[in-house]
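Input: a single structure, listed below in C-alpha coordinates.
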Amino acid sequence: MRHRSNHALVFSRLLLVAALGLLAGCAHMGSGSATAQLDAFMQQERAWAGLTNHTATLPDGRGMPYSEGGPANAPTLILLHGYTGDRNHWNEVARDLTDRWHVIIPDLPGHGGTPLANDASADSMAQTLGRFVDAIGAQRYVLVGHSMGGGVAALFAMARPQQVRGLVLVDSAGVYADNPSPVMQAITQGDNPLAIETAADYQRLLNVAMAKPPFIPDSIQQALATRAVAHRAAYTQVLDSLLNTQTHLPPSTFHMVLHSLRMPTLVIWGRKDAIFDVKVTQELEDNLPNATVTVFDDVGHTPIREAPRRTAVAIDGFVGGLAG
(Lines give C-alpha, C1' and ligand atoms only; values in the text may rest on other atoms or scores of the structure.)
Protein backbone atom coordinates (compact mmCIF):
# COMPACT_ATOMS: atom_id res chain seq x y z
CA MET A 1 0.00 0.00 0.00
CA ARG A 2 1.32 3.40 -0.98
CA HIS A 3 2.28 5.81 1.81
CA ARG A 4 1.23 9.29 0.83
CA SER A 5 4.37 11.34 0.26
CA ASN A 6 4.89 14.97 1.22
CA HIS A 7 4.90 15.73 -2.50
CA ALA A 8 1.45 14.18 -2.88
CA LEU A 9 0.14 16.11 0.10
CA VAL A 10 1.49 19.35 -1.30
CA PHE A 11 -0.05 18.55 -4.66
CA SER A 12 -3.45 17.92 -3.09
CA ARG A 13 -3.27 21.27 -1.29
CA LEU A 14 -2.31 22.96 -4.55
CA LEU A 15 -5.41 21.45 -6.14
CA LEU A 16 -7.50 23.01 -3.41
CA VAL A 17 -5.82 26.37 -3.89
CA ALA A 18 -6.29 26.14 -7.65
CA ALA A 19 -9.94 25.26 -7.21
CA LEU A 20 -10.37 28.14 -4.80
CA GLY A 21 -8.92 30.49 -7.37
CA LEU A 22 -11.13 29.08 -10.10
CA LEU A 23 -14.27 29.32 -8.02
CA ALA A 24 -13.59 32.59 -6.24
CA GLY A 25 -14.80 34.58 -9.20
CA CYS A 26 -17.93 32.51 -9.65
CA ALA A 27 -20.09 34.65 -7.38
CA HIS A 28 -20.86 36.88 -10.35
CA MET A 29 -21.25 33.94 -12.73
CA GLY A 30 -24.21 31.68 -13.29
CA SER A 31 -24.58 28.42 -11.41
CA GLY A 32 -23.57 26.60 -14.60
CA SER A 33 -20.13 28.20 -14.50
CA ALA A 34 -19.64 27.26 -10.85
CA THR A 35 -20.71 23.69 -11.62
CA ALA A 36 -18.27 23.48 -14.54
CA GLN A 37 -15.42 24.68 -12.32
CA LEU A 38 -16.39 22.20 -9.62
CA ASP A 39 -16.40 19.40 -12.20
CA ALA A 40 -12.92 20.46 -13.31
CA PHE A 41 -11.66 20.30 -9.74
CA MET A 42 -13.19 16.86 -9.16
CA GLN A 43 -11.59 15.64 -12.35
CA GLN A 44 -8.21 16.80 -11.05
CA GLU A 45 -8.85 15.06 -7.74
CA ARG A 46 -9.78 11.79 -9.48
CA ALA A 47 -6.62 11.97 -11.58
CA TRP A 48 -4.57 12.52 -8.41
CA ALA A 49 -6.22 9.39 -6.98
CA GLY A 50 -5.25 7.36 -10.07
CA LEU A 51 -8.83 7.15 -11.31
CA THR A 52 -10.23 7.53 -14.82
CA ASN A 53 -13.80 8.27 -15.95
CA HIS A 54 -16.15 5.77 -17.57
CA THR A 55 -19.87 5.31 -18.16
CA ALA A 56 -21.71 1.98 -18.22
CA THR A 57 -24.93 1.69 -20.20
CA LEU A 58 -27.67 -0.12 -18.28
CA PRO A 59 -30.29 -2.31 -20.00
CA ASP A 60 -32.91 0.44 -19.58
CA GLY A 61 -30.67 2.89 -21.42
CA ARG A 62 -29.54 4.88 -18.41
CA GLY A 63 -25.89 5.83 -18.25
CA MET A 64 -24.10 5.07 -14.96
CA PRO A 65 -20.84 7.02 -14.56
CA TYR A 66 -18.04 5.38 -12.61
CA SER A 67 -14.41 5.91 -11.70
CA GLU A 68 -11.84 3.17 -12.21
CA GLY A 69 -8.21 2.80 -11.26
CA GLY A 70 -5.48 0.40 -10.23
CA PRO A 71 -4.10 -2.73 -11.91
CA ALA A 72 -6.77 -4.39 -14.05
CA ASN A 73 -5.51 -7.86 -13.09
CA ALA A 74 -5.59 -7.18 -9.33
CA PRO A 75 -8.49 -8.12 -7.02
CA THR A 76 -11.42 -5.77 -7.55
CA LEU A 77 -13.01 -3.46 -4.98
CA ILE A 78 -16.35 -1.78 -5.71
CA LEU A 79 -16.94 1.27 -3.50
CA LEU A 80 -20.48 2.60 -2.88
CA HIS A 81 -21.14 6.11 -1.56
CA GLY A 82 -23.87 7.29 0.80
CA TYR A 83 -26.98 9.48 0.62
CA THR A 84 -26.30 12.87 -1.09
CA GLY A 85 -22.80 11.66 -2.01
CA ASP A 86 -21.29 10.55 -5.29
CA ARG A 87 -18.25 8.66 -6.51
CA ASN A 88 -15.99 11.60 -5.65
CA HIS A 89 -16.54 11.07 -1.93
CA TRP A 90 -14.18 8.09 -2.22
CA ASN A 91 -11.34 9.91 -4.03
CA GLU A 92 -9.05 10.33 -1.02
CA VAL A 93 -9.58 6.74 0.12
CA ALA A 94 -9.00 5.49 -3.43
CA ARG A 95 -5.70 7.40 -3.57
CA ASP A 96 -4.32 4.87 -1.06
CA LEU A 97 -5.83 1.79 -2.73
CA THR A 98 -5.21 2.11 -6.46
CA ASP A 99 -1.56 1.12 -6.31
CA ARG A 100 -2.51 -2.39 -5.13
CA TRP A 101 -6.16 -3.02 -5.99
CA HIS A 102 -8.46 -2.63 -8.98
CA VAL A 103 -10.94 0.02 -7.76
CA ILE A 104 -14.38 0.77 -9.27
CA ILE A 105 -16.62 3.55 -7.89
CA PRO A 106 -20.07 4.13 -9.45
CA ASP A 107 -22.59 6.92 -8.93
CA LEU A 108 -25.63 5.26 -7.37
CA PRO A 109 -29.09 6.09 -8.79
CA GLY A 110 -30.31 9.59 -7.97
CA HIS A 111 -26.77 10.72 -7.20
CA GLY A 112 -23.98 12.17 -9.31
CA GLY A 113 -24.63 11.47 -12.96
CA THR A 114 -26.89 8.42 -12.62
CA PRO A 115 -30.61 9.16 -13.07
CA LEU A 116 -33.04 7.78 -10.52
CA ALA A 117 -35.35 4.96 -11.63
CA ASN A 118 -39.02 4.95 -10.69
CA ASP A 119 -38.22 3.06 -7.49
CA ALA A 120 -35.88 4.94 -5.11
CA SER A 121 -35.51 2.10 -2.61
CA ALA A 122 -32.24 0.54 -1.50
CA ASP A 123 -33.47 -2.76 -2.98
CA SER A 124 -33.94 -1.08 -6.37
CA MET A 125 -30.44 0.40 -6.10
CA ALA A 126 -29.06 -3.07 -5.35
CA GLN A 127 -30.77 -4.39 -8.46
CA THR A 128 -29.32 -1.51 -10.50
CA LEU A 129 -25.91 -2.33 -9.06
CA GLY A 130 -26.36 -5.87 -10.34
CA ARG A 131 -27.07 -4.59 -13.83
CA PHE A 132 -24.02 -2.34 -13.54
CA VAL A 133 -21.59 -5.12 -12.59
CA ASP A 134 -23.00 -7.27 -15.39
CA ALA A 135 -22.54 -4.40 -17.86
CA ILE A 136 -18.86 -3.91 -16.94
CA GLY A 137 -18.18 -7.65 -16.71
CA ALA A 138 -17.16 -7.75 -13.05
CA GLN A 139 -17.23 -11.34 -11.77
CA ARG A 140 -15.89 -11.42 -8.20
CA TYR A 141 -15.02 -8.53 -5.92
CA VAL A 142 -14.99 -7.00 -2.47
CA LEU A 143 -18.00 -4.75 -1.96
CA VAL A 144 -17.50 -1.65 0.20
CA GLY A 145 -20.44 0.55 1.19
CA HIS A 146 -20.72 3.74 3.23
CA SER A 147 -24.01 4.68 4.94
CA MET A 148 -26.79 4.21 2.34
CA GLY A 149 -24.21 2.41 0.18
CA GLY A 150 -23.68 -0.05 3.02
CA GLY A 151 -27.36 -0.93 3.03
CA VAL A 152 -27.24 -1.38 -0.74
CA ALA A 153 -24.11 -3.53 -0.40
CA ALA A 154 -25.75 -5.81 2.17
CA LEU A 155 -28.83 -6.36 -0.01
CA PHE A 156 -26.66 -7.01 -3.07
CA ALA A 157 -24.43 -9.45 -1.18
CA MET A 158 -27.51 -11.37 -0.01
CA ALA A 159 -28.74 -11.68 -3.61
CA ARG A 160 -25.35 -12.53 -5.18
CA PRO A 161 -23.20 -14.09 -2.45
CA GLN A 162 -21.14 -16.06 -4.99
CA GLN A 163 -19.77 -12.81 -6.45
CA VAL A 164 -18.88 -11.03 -3.20
CA ARG A 165 -15.49 -12.14 -1.81
CA GLY A 166 -15.77 -9.84 1.16
CA LEU A 167 -17.94 -7.06 2.49
CA VAL A 168 -16.96 -3.77 4.14
CA LEU A 169 -19.70 -1.78 5.89
CA VAL A 170 -18.74 1.78 6.82
CA ASP A 171 -21.26 3.43 9.21
CA SER A 172 -23.84 1.45 7.30
CA ALA A 173 -27.54 2.19 7.03
CA GLY A 174 -29.74 -0.53 8.49
CA VAL A 175 -32.87 -1.17 10.51
CA TYR A 176 -31.39 -1.40 13.98
CA ALA A 177 -33.26 -2.48 17.10
CA ASP A 178 -31.65 0.24 19.22
CA ASN A 179 -30.22 3.33 17.54
CA PRO A 180 -30.34 6.20 20.07
CA SER A 181 -28.68 8.75 17.78
CA PRO A 182 -29.44 12.50 17.91
CA VAL A 183 -30.54 12.49 14.27
CA MET A 184 -33.00 9.62 14.68
CA GLN A 185 -34.40 11.27 17.82
CA ALA A 186 -34.86 14.53 15.89
CA ILE A 187 -36.63 12.73 13.04
CA THR A 188 -38.97 11.05 15.54
CA GLN A 189 -39.83 14.52 16.88
CA GLY A 190 -40.64 15.82 13.39
CA ASP A 191 -37.37 17.63 12.63
CA ASN A 192 -35.37 15.97 9.86
CA PRO A 193 -31.77 17.23 9.57
CA LEU A 194 -31.18 14.91 6.59
CA ALA A 195 -33.70 16.62 4.31
CA ILE A 196 -32.35 19.10 1.73
CA GLU A 197 -34.29 21.98 0.22
CA THR A 198 -31.81 24.85 0.55
CA ALA A 199 -28.06 25.45 0.77
CA ALA A 200 -28.49 25.96 4.52
CA ASP A 201 -30.04 22.48 4.76
CA TYR A 202 -26.99 21.04 3.02
CA GLN A 203 -24.68 22.71 5.53
CA ARG A 204 -26.78 21.38 8.39
CA LEU A 205 -26.51 17.89 6.95
CA LEU A 206 -22.71 18.19 6.80
CA ASN A 207 -22.66 19.32 10.42
CA VAL A 208 -24.42 16.16 11.60
CA ALA A 209 -22.61 13.86 9.17
CA MET A 210 -19.07 14.71 10.26
CA ALA A 211 -17.54 15.22 13.69
CA LYS A 212 -14.28 16.51 12.21
CA PRO A 213 -14.95 17.79 8.68
CA PRO A 214 -11.94 18.36 6.42
CA PHE A 215 -11.09 21.86 5.26
CA ILE A 216 -13.11 22.85 2.19
CA PRO A 217 -12.86 26.41 0.81
CA ASP A 218 -16.11 28.34 1.06
CA SER A 219 -16.42 28.68 -2.71
CA ILE A 220 -16.21 24.91 -3.20
CA GLN A 221 -18.64 24.38 -0.35
CA GLN A 222 -21.09 26.77 -1.98
CA ALA A 223 -20.78 24.98 -5.32
CA LEU A 224 -21.39 21.63 -3.61
CA ALA A 225 -24.43 23.05 -1.85
CA THR A 226 -25.78 24.38 -5.14
CA ARG A 227 -25.39 20.95 -6.70
CA ALA A 228 -27.09 19.28 -3.73
CA VAL A 229 -30.07 21.62 -4.00
CA ALA A 230 -30.30 20.87 -7.73
CA HIS A 231 -30.61 17.15 -6.81
CA ARG A 232 -33.16 17.76 -4.06
CA ALA A 233 -36.07 16.06 -5.85
CA ALA A 234 -34.15 12.79 -6.23
CA TYR A 235 -32.71 13.07 -2.72
CA THR A 236 -36.21 13.53 -1.30
CA GLN A 237 -37.41 10.35 -3.00
CA VAL A 238 -34.41 8.40 -1.74
CA LEU A 239 -34.70 9.72 1.81
CA ASP A 240 -38.44 9.08 1.95
CA SER A 241 -37.83 5.49 0.84
CA LEU A 242 -35.05 4.98 3.41
CA LEU A 243 -37.15 6.38 6.25
CA ASN A 244 -40.15 4.32 5.15
CA THR A 245 -37.99 1.23 5.44
CA GLN A 246 -36.85 2.33 8.90
CA THR A 247 -40.48 2.71 9.95
CA HIS A 248 -42.06 -0.39 8.45
CA LEU A 249 -39.33 -3.05 8.28
CA PRO A 250 -38.80 -4.82 11.63
CA PRO A 251 -35.22 -5.19 12.88
CA SER A 252 -35.73 -8.96 12.90
CA THR A 253 -35.99 -8.92 9.10
CA PHE A 254 -32.79 -6.87 8.83
CA HIS A 255 -31.12 -9.37 11.15
CA MET A 256 -32.15 -12.17 8.79
CA VAL A 257 -30.37 -10.33 5.97
CA LEU A 258 -27.25 -10.05 8.13
CA HIS A 259 -27.37 -13.74 9.08
CA SER A 260 -27.36 -14.66 5.40
CA LEU A 261 -24.07 -12.84 4.74
CA ARG A 262 -21.50 -15.59 5.21
CA MET A 263 -18.60 -13.82 3.53
CA PRO A 264 -15.88 -12.16 5.66
CA THR A 265 -17.11 -8.72 6.71
CA LEU A 266 -15.29 -5.70 8.06
CA VAL A 267 -17.37 -3.13 9.95
CA ILE A 268 -15.82 0.36 10.19
CA TRP A 269 -17.51 2.97 12.38
CA GLY A 270 -17.01 6.44 13.78
CA ARG A 271 -17.64 6.53 17.53
CA LYS A 272 -19.14 10.03 17.17
CA ASP A 273 -21.65 9.00 14.48
CA ALA A 274 -24.74 11.16 15.07
CA ILE A 275 -26.90 9.23 12.55
CA PHE A 276 -26.22 5.57 13.35
CA ASP A 277 -24.97 5.38 16.93
CA VAL A 278 -21.82 3.34 17.48
CA LYS A 279 -23.94 1.14 19.76
CA VAL A 280 -25.36 -0.58 16.65
CA THR A 281 -21.96 -2.12 15.87
CA GLN A 282 -22.69 -4.69 18.58
CA GLU A 283 -25.89 -5.57 16.74
CA LEU A 284 -23.94 -6.04 13.53
CA GLU A 285 -21.29 -8.14 15.25
CA ASP A 286 -23.96 -10.32 16.89
CA ASN A 287 -25.81 -11.00 13.64
CA LEU A 288 -23.08 -11.14 10.97
CA PRO A 289 -21.57 -14.65 10.95
CA ASN A 290 -18.00 -13.58 10.09
CA ALA A 291 -17.48 -9.98 11.15
CA THR A 292 -14.66 -7.85 12.53
CA VAL A 293 -15.38 -4.37 13.93
CA THR A 294 -13.04 -1.36 13.82
CA VAL A 295 -14.06 1.88 15.55
CA PHE A 296 -12.40 5.28 15.04
CA ASP A 297 -12.82 7.17 18.31
CA ASP A 298 -12.61 10.75 17.02
CA VAL A 299 -14.68 10.35 13.85
CA GLY A 300 -18.38 10.84 13.02
CA HIS A 301 -20.62 9.29 10.40
CA THR A 302 -18.26 9.81 7.46
CA PRO A 303 -14.85 8.16 7.96
CA ILE A 304 -14.28 8.20 4.20
CA ARG A 305 -14.10 12.01 4.37
CA GLU A 306 -12.98 12.56 7.97
CA ALA A 307 -10.30 9.86 8.16
CA PRO A 308 -9.63 8.68 4.59
CA ARG A 309 -6.13 7.41 5.30
CA ARG A 310 -7.20 5.27 8.26
CA THR A 311 -10.20 4.02 6.31
CA ALA A 312 -7.97 3.02 3.41
CA VAL A 313 -5.51 1.25 5.71
CA ALA A 314 -8.34 -0.75 7.30
CA ILE A 315 -9.79 -1.72 3.91
CA ASP A 316 -6.36 -2.59 2.52
CA GLY A 317 -5.54 -4.85 5.46
CA PHE A 318 -8.91 -6.60 5.23
CA VAL A 319 -8.69 -7.24 1.48
CA GLY A 320 -5.07 -8.33 1.76
CA GLY A 321 -6.09 -10.94 4.32
CA LEU A 322 -8.78 -12.56 2.18
CA ALA A 323 -8.04 -15.96 0.72
CA GLY A 324 -8.96 -16.88 -2.85
Side-chain angles (χ1 to χ4, degrees), residues 1-13 15 42-54 56 65-82 85-107 129 132-133 136-146 149-150 153 156-157 160 162-172 214 263-270 290-296 299 302-324:
M1 182 179 182
R2 150 193 316 128
H3 289 278
R4 190 177 301 179
S5 67
N6 288 335
H7 175 75
L9 286 171
V10 169
F11 180 57
S12 68
R13 296 299 179 266
L15 286 180
M42 291 303 180
Q43 172 58 36
Q44 288 179 311
E45 191 177 68
R46 289 192 295 270
W48 168 72
L51 299 168
T52 55
N53 299 315
H54 307 270
Y66 66 100
S67 301
E68 184 174 16
N73 60 348
T76 297
L77 282 64
I78 299 178
L79 314 182
L80 307 179
H81 62 79
D86 62 23
R87 59 192 171 119
N88 295 301
H89 278 197
W90 284 104
N91 288 344
E92 280 202 80
V93 175
R95 169 67 178 81
D96 284 318
L97 296 174
T98 51
D99 63 328
R100 187 176 180 187
W101 312 112
H102 178 214
V103 177
I104 295 171
I105 319 173
D107 282 338
L129 179 63
F132 168 76
V133 298
I136 64 173
Q139 298 293 323
R140 193 157 162 78
Y141 34 80
V142 175
L143 200 54
V144 185
H146 169 244
F156 181 93
R160 298 196 185 195
Q162 72 284 357
Q163 293 186 10
V164 180
R165 296 180 58 231
L167 187 63
V168 182
L169 302 177
V170 185
D171 291 78
S172 178
M263 68 286 297
T265 302
L266 172 65
V267 175
I268 300 174
W269 224 265
N290 190 7
T292 302
V293 176
T294 296
V295 175
F296 299 153
V299 172
T302 316
I304 67 173
R305 301 285 300 282
E306 299 175 69
R309 171 68 182 171
R310 278 182 283 167
T311 302
V313 168
I315 293 171
D316 180 77
F318 172 74
V319 178
L322 293 176

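If you take NE2 on H81 and CD1 on I304, they are separated by 9.5 Å, rounding to the nearest 0.5 Å. Distance check: I105 CD1 to H89 NE2 gives 11.5 Å after rounding to the nearest 0.5 Å. Rounding to the nearest 0.5 angstrom, the gap separating the CZ atom in R310 from the CD1 atom in I315 is 13.0 Å. Interatomic distance, L51 CG to N91 CG, rounded to the nearest 0.5 Å: 6.0 Å. Atom CD of E45 and atom CG of N88 lie 6.5 Å apart (nearest 0.5 Å). Atom-to-atom distance recorded for L79:CG and H146:NE2 is 12.0 Å, nearest 0.5 angstrom.
Taking each heavy atom of P75 and R165 in turn, the nearest pair found is CB-NH1, 3.7 Å. Summarising the geometry of V103 relative to A94, their closest heavy-atom pair is CG1-CB, 4.5 Å, with the distance given to 0.1 Å. When all heavy atoms are compared, the tightest approach of S67 to R46 is OG-CD, 3.3 Å. Residue V299 comes nearest to T302 through the heavy atom pair CG1-C, 4.5 Å, listed as atom of the first residue, atom of the second, then distance. Heavy-atom minimum distance, A56 versus I136: CB-CG2, 3.9 Å. The two residues L169 and S172 come nearest to each other via the heavy atoms CB-CB, 3.8 Å.
At least one side-chain heavy atom of I268 sits less than 4.5 Å from a side-chain heavy atom of V168. By the 4.5 Å heavy-atom criterion applied to side chains, F318 and T292 are not counted as neighbours. Residues T265 and N290 are not in side-chain contact: their nearest non-hydrogen atoms beyond the backbone lie 4.5 Å or more apart. Contact of the Y141 side chain with the H102 side chain is not registered, since no non-hydrogen atoms from C-beta on lie closer than 4.5 Å. Here the side chains of V142 and W101 are not in contact, with every heavy-atom distance at 4.5 Å or above. Side-chain contact between P65 and R87: present, with at least one pair of heavy atoms (C-beta onward) separated by less than 4.5 Å.
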Checklist entry - Can you check side-chain contact (heavy atoms from CB on, under 4.5 Å) on L143 and L80, steps first, answer last? => result CA-CA 8 Å; L143 200 54; L80 307 179; 4.2 Å; yes
Checklist entry - Yes or no on side-chain contact (heavy atoms from CB on, under 4.5 Å) for L97 and W90, after CA distance, side-chain angles and deciding distance? => result CA-CA 10 Å; L97 296 174; W90 284 104; over 6 Å; no
Next on the checklist: With side-chain contact (heavy atoms from CB on, under 4.5 Å) as the criterion, how do R305 and E92 come out once you've worked through the C-alpha distance, each side chain's angles and the decisive distance to 0.1 Å?
Outcome noted: CA-CA 8 Å; R305 301 285 300 282; E92 280 202 80; 5.8 Å; no
Next on the checklist: Set out, in order, the CA-CA distance, both residues' side-chain angles and the distance that settles side-chain contact (heavy atoms from CB on, under 4.5 Å) for V293 and W269, then state yes or no.
Outcome noted: CA-CA 8 Å; V293 176; W269 224 265; 5.6 Å; no
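Side-chain atoms of R140 come within 3.5 Å of backbone atoms of Q162 as a donor-acceptor pair (strictly under, hydrogens ignored). At least one donor-acceptor pair closer than 3.5 Å links the side chain of D171 to the backbone N or O of G270.
Checked against side-chain contact (heavy atoms from CB on, under 4.5 Å), P214 has the following partners two or more places apart in sequence or in another chain: M210. Here F132 pairs with Y66 under the ring-ring contact (aromatic ring centres under 6.0 Å, His included) rule; sequence neighbours left out. T294 pairs by the side-chain contact (heavy atoms from CB on, under 4.5 Å) definition with L266, F296, not counting sequence neighbours.
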